[in-house]
Amino acid sequence: MLSEKILQLLNLNEISGEKNYLFNDFTLNWSFIDKIFSNSDKNLDDIDSCFKLKELIDPIIISSYQVLHHKKLFIDSLKLFTNWTCASIILENIFREFCTDEKSFALTGFLVAVTILEFSLGNVYETYNKTSPPHLLKDVLNELRSCSYFQGNQIFILQILLGTAKSCNLRNIAWHGFIESLHPAYLTFLFVVIISFGKQLKDLKIIPRYRHNLKLKFEISSIEMNYKEIFQTMQCNPKAWTQILYFKKEKKFRNGIYLLLPQIESILRFIYSKINEEEDAVTAQLNKYYVIMDSIFYEYILSNDITPLMIGKITKIQEMEIRKTHKRNKMLTFIPRSIYLIYYDLFYAIDGPRLRDKLSHGEVIIEDDDLEDIFKILLNFASIIVNFYQNQIVAKNFVYESKFLKILIFVRNFNITNQSAKLIFDKMEIPKLLITEKINFTEIEIENEEDVKIYFRPAIEAQIVKLMMKILENFNEALEYFKNSLIELFQQYEKKELSSSRRKVVESLIKFLPNFSNGFHEVLHVQQNIYFTLQQYDNTFDNENWNKKIIKLLKQTLQITEVYLKHFSSKNRNFFVANTKTCEFLQLSIKSQYLFQIENINQ
């Protein structure tokens, strides 16, 4: 939904004069356009000024519509001037499909074209500045106004349409799912801009540096359902969903992905508005922050003066203020955690695919081989959400485990390591002749994975979890080698296949096992304490000195586990034949280090 002012901005003022705006190859006549803006107020921070500027570019947008009357000639221009985008074939296919059904396809075509334009402008920025482009299109456009590759109003004309919250902000309202249809002239205008920039760069002999493509390997459980029936009952952009199901039937997966992503956001925003009784959330308003993907699952309902882009950067003081003054977001208790974790992995995790974010901001172009899989993942996710909202149930046996929520993965690995250690130290069958002291390895489990926190995380958490994960990884691998070596030695011992000296080594090793078990237990115990401290997220992590001590402790522990791994690996089994002094040293190192460090850290 759109506010009245944005609707007013989107309406095109039908003024003739198209011949003056385009050359015969359908590129823009920049000299003529510069004259239009010669006496205008170019203040993009003023709403009234933006309205007047939008009226000035309406005739230019309308004039671009003439390309549909000269399809073959325009395709020739597309082939000639779109190499700079590295997406010539995609653009040509989009234009051809647009020609067959311009009204139904205009929005999908716009989503694809504006992404390619943003991606390509990012390439130009990187080529010119020798550094990565800003994340947001408005910032890229603002920076490119000083780029010598462009002249006059070539970038400014895009800023009016796409690069300011004071105007219609067409890129944002389309990609955030606020519209289900679009005037076809907006798409033809984008095509014309793309080939006009292409011609300009070609004349300058500029070949933008190409960045990268998206590689995505991701799976979620599928559920059988009647897609058409489900989506027709939703009150979110029914025309768009009809088009999506058409793309599914025709196997036009790239188009489906581009249209699906904003519609998923629209569905989530619709549910958010209903369960939180925030009816205005579904409407895009001029010069106000939208409720977008990042804020839909935020812990609190953000007011219009807090940008969702602040999420993840909010300080402890800001968080406490938000807790006092803002309502809690019911989405976190309404949506089942398994569904939320799919959302987290697909769209939110920093080191995840961040599919909507990267694609919509033109950071990547999806390779053809991945299109069908990604489309199915997105459609399946949308279906699961809608099915749950309508029926308040999740499909039977539907389970999803996050692949990118590192703190949750740490908990799982921690519990697996703990169980593996107990099997070795507490359950291993030791030859009766060797048993000297019963090993009692106390399990240290982290229960209630459902309670793992996701928002309001201390900045240092990622570094801490990364180190603890590596420690667990080393220990798990070392334990596996250790177990296999013990089994082999015990078998040889019972069969009396060992020499006298080797039998004594095995006997010494068994005497050492309780100490080894205690040292290992100490590591897990401290990691458990660090985890619980992270979950509480009190003022502890505001203390830089405390943070340094924790990191130092974990790095020292990591070094010790690397030594363990080196000595216990299958390639170094001679360790068992030599002696147990190294093992004893390692155990004492861990014990003394942890006792000393934790005492100091807790002071």
Side-chain angles (χ1 to χ4, degrees), residues 12 16-34 57 59-124 127 149-155 157-158 161-162 182-210 213 250 252 254-255 258 362 365-368 371:
L12 290 170
S16 61
E18 59 188 37
K19 291 182 181 179
N20 293 323
Y21 300 114
L22 302 181
F23 290 118
N24 291 335
D25 59 4
F26 305 106
T27 59
L28 288 164
N29 183 342
W30 294 113
S31 298
F32 186 82
I33 290 171
D34 286 342
I57 68 170
I60 307 173
I61 295 170
I62 292 293
S63 72
S64 70
Y65 192 69
Q66 65 179 284
V67 303
L68 293 177
H69 304 308
H70 309 279
K71 299 180 181 66
K72 188 177 182 304
L73 291 174
F74 186 70
I75 288 174
D76 291 339
S77 289
L78 278 175
K79 291 178 178 178
L80 190 60
F81 299 128
T82 56
N83 287 337
W84 75 287
T85 67
C86 299
S88 298
I89 295 176
I90 296 174
L91 287 169
E92 183 180 338
N93 290 341
I94 290 297
F95 181 73
R96 288 182 183 279
E97 187 154 3
F98 174 53
C99 291
T100 63
D101 189 359
E102 59 186 68
K103 289 186 178 180
S104 296
F105 193 73
L107 177 58
T108 304
F110 178 86
L111 291 167
V112 179
V114 77
T115 299
I116 291 173
L117 176 61
E118 185 169 350
F119 179 82
S120 305
L121 289 173
N123 290 340
V124 172
T127 303
Y149 300 163
F150 301 104
Q151 308 292 319
N153 294 286
Q154 292 174 343
I155 295 297
I157 196 172
L158 279 182
L161 187 64
L162 307 174
L182 189 67
H183 194 296
Y186 283 111
L187 177 53
T188 56
F189 176 69
L190 278 194
F191 277 123
V192 165
V193 168
I194 289 170
I195 66 169
S196 298
F197 285 174
K199 182 181 180 180
Q200 173 99 351
L201 294 169
K202 188 173 184 178
D203 289 344
L204 293 172
K205 295 181 171 55
I206 301 296
I207 302 175
R209 178 182 177 274
Y210 187 68
N213 277 339
E250 298 297 319
K252 296 180 178 180
R254 184 181 301 279
N255 297 344
Y258 279 83
I365 295 176
I366 304 174
E367 293 188 348
D368 293 344
L371 290 173

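Residue numbers run from 1 in the order of the sequence given. This one's a predicted model, so the numbers in the text were calculated from it and none came from an experiment.
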* Asked: Can you name the nearest heavy-atom pair linking Leu182 to Ala106, along with the distance?
  -> O-CB, 3.4 Å

* Asked: For the atom pair OG (Ser63) and CD1 (Ile57), what is the distance rounded to the nearest 0.5 Å?
  -> 11.0 Å

* Would you find more than 12 non-hydrogen atoms of other residues, nucleotides or ligands less than 6.0 Å from Asn24 atom CG? -> no

* Leu190 CG to Leu91 CG distance, which is reported to the nearest 0.5 Å -> 10.0 Å

* For the residue pair Leu78 and Ser88, establish whether any side-chain heavy-atom pair is separated by less than 4.5 Å. => no

* Asked: Do other residues, nucleotides or ligands put more than 12 heavy atoms under 6.0 Å from Ile206 CD1?
  -> yes

* With ring centroids as reference points, do Phe26 and Phe74 lie under 6.0 angstrom apart? -> yes

* To do: Look at atom NZ of Lys103 and say whether more than 12 heavy atoms of other residues, nucleotides or ligands are closer to it than 6.0 Å.
  => no

* **Donor-acceptor pair, side chain of Ser77 and main chain of Asp25, under 3.5 angstrom** => yes

* Shortest non-hydrogen contact from Thr115 toward Leu111 -> OG1-O, 2.8 Å

* Asked: Do any N or O atoms from the side chain of Glu97 and from the backbone of Ile94 form a donor-acceptor pair under 3.5 angstrom?
  -> no

* side-chain contact (heavy atoms from CB on, under 4.5 Å) partner of Ser31, the single match among Leu28, Asp34, Asn29 -> Asn29

* Verdict with reasoning, Asn93 to Phe98, per side-chain contact (heavy atoms from CB on, under 4.5 Å) -> CA-CA 8 Å; Asn93 290 341; Phe98 174 53; over 6 Å; no

* **Stepwise side chain to side chain donor-acceptor pair (under 3.5 Å) test for Ser104 and Asp101** => CA-CA 6 Å; Ser104 296; Asp101 189 359; 3.2 Å; yes

* Structure fact -> Heavy atoms of Ser196 and Thr27 approach each other most closely as OG-CA, 3.3 Å

* Please indicate whether Ile207 has more than 12 foreign heavy atoms, meaning atoms of other residues, nucleotides or ligands, lying under 6.0 Å from its CD1. => no

* Asked: Taking the six-membered ring where the residue is Trp, are the ring centres of Tyr149 and Phe197 under 6.0 Å apart?
  -> no

* Asked: Is a side-chain donor or acceptor of Thr127 paired with a backbone partner of Asn123 at a separation under 3.5 angstrom?
  -> yes

* Structure fact -> Distance col, row Ile90:CD1 vs Arg254:CZ, nearest 0.5 angstrom, shows 3.5 Å

* Between Pro208 and Leu201, what is the shortest heavy-atom contact and its length? -> CG-CD1, 4.2 Å

* Distance from Ile195 atom CD1 to Phe23 atom CZ, nearest 0.5 Å? -> 11.5 Å

* What's the shortest heavy-atom distance between Gln66 and Leu22, and which atoms? -> NE2-CD1, 3.3 Å

* To do: Start with the C-alpha distance between Leu80 and Lys202, add both sets of side-chain angles, then the distance that settles side-chain contact (heavy atoms from CB on, under 4.5 Å), and finish with yes or no.
  => CA-CA 9 Å; Leu80 190 60; Lys202 188 173 184 178; 3.3 Å; yes

* Asked: When you check the side-chain N and O atoms of Thr188 and Ser64, is any donor under 3.5 Å from an acceptor?
  -> yes

* Would Val193 and Phe189 satisfy side-chain contact (heavy atoms from CB on, under 4.5 Å), going step by step from the backbone distance to the final call? -> CA-CA 6 Å; Val193 168; Phe189 176 69; 3.6 Å; yes

* Asked: Distance from Phe191 atom CZ to Thr82 atom OG1, nearest 0.5 Å?
  -> 9.5 Å

* Asked: Hey, is the main chain of Gln151 close enough, under 3.5 Å, to the side chain of Gln154 for a donor-acceptor pair?
  -> yes

* To do: Determine, step by step, whether Val114 and Leu187 satisfy the side-chain contact (heavy atoms from CB on, under 4.5 Å) criterion, reporting the C-alpha distance in whole Å, the side-chain angles of both residues, the deciding distance to 0.1 Å, and the verdict.
  => CA-CA 9 Å; Val114 77; Leu187 177 53; over 6 Å; no

* **Ile60 CD1 to Ile157 CD1 distance, which is reported to the nearest 0.5 Å** => 4.0 Å

* **Ile194 backbone acceptor or donor facing Trp84 side chain under 3.5 Å** => yes

* Check: Thr108 main-chain N/O paired with Asn255 side-chain donor or acceptor under 3.5 Å -> no

* Do the side chains of Tyr186 and Ile61 get nearer than 4.5 Å, heavy atoms only? -> yes

* Sub-3.5 Å donor-acceptor pair from the side chain of Lys79 to the main-chain atoms of Asp76, do we have one? -> no

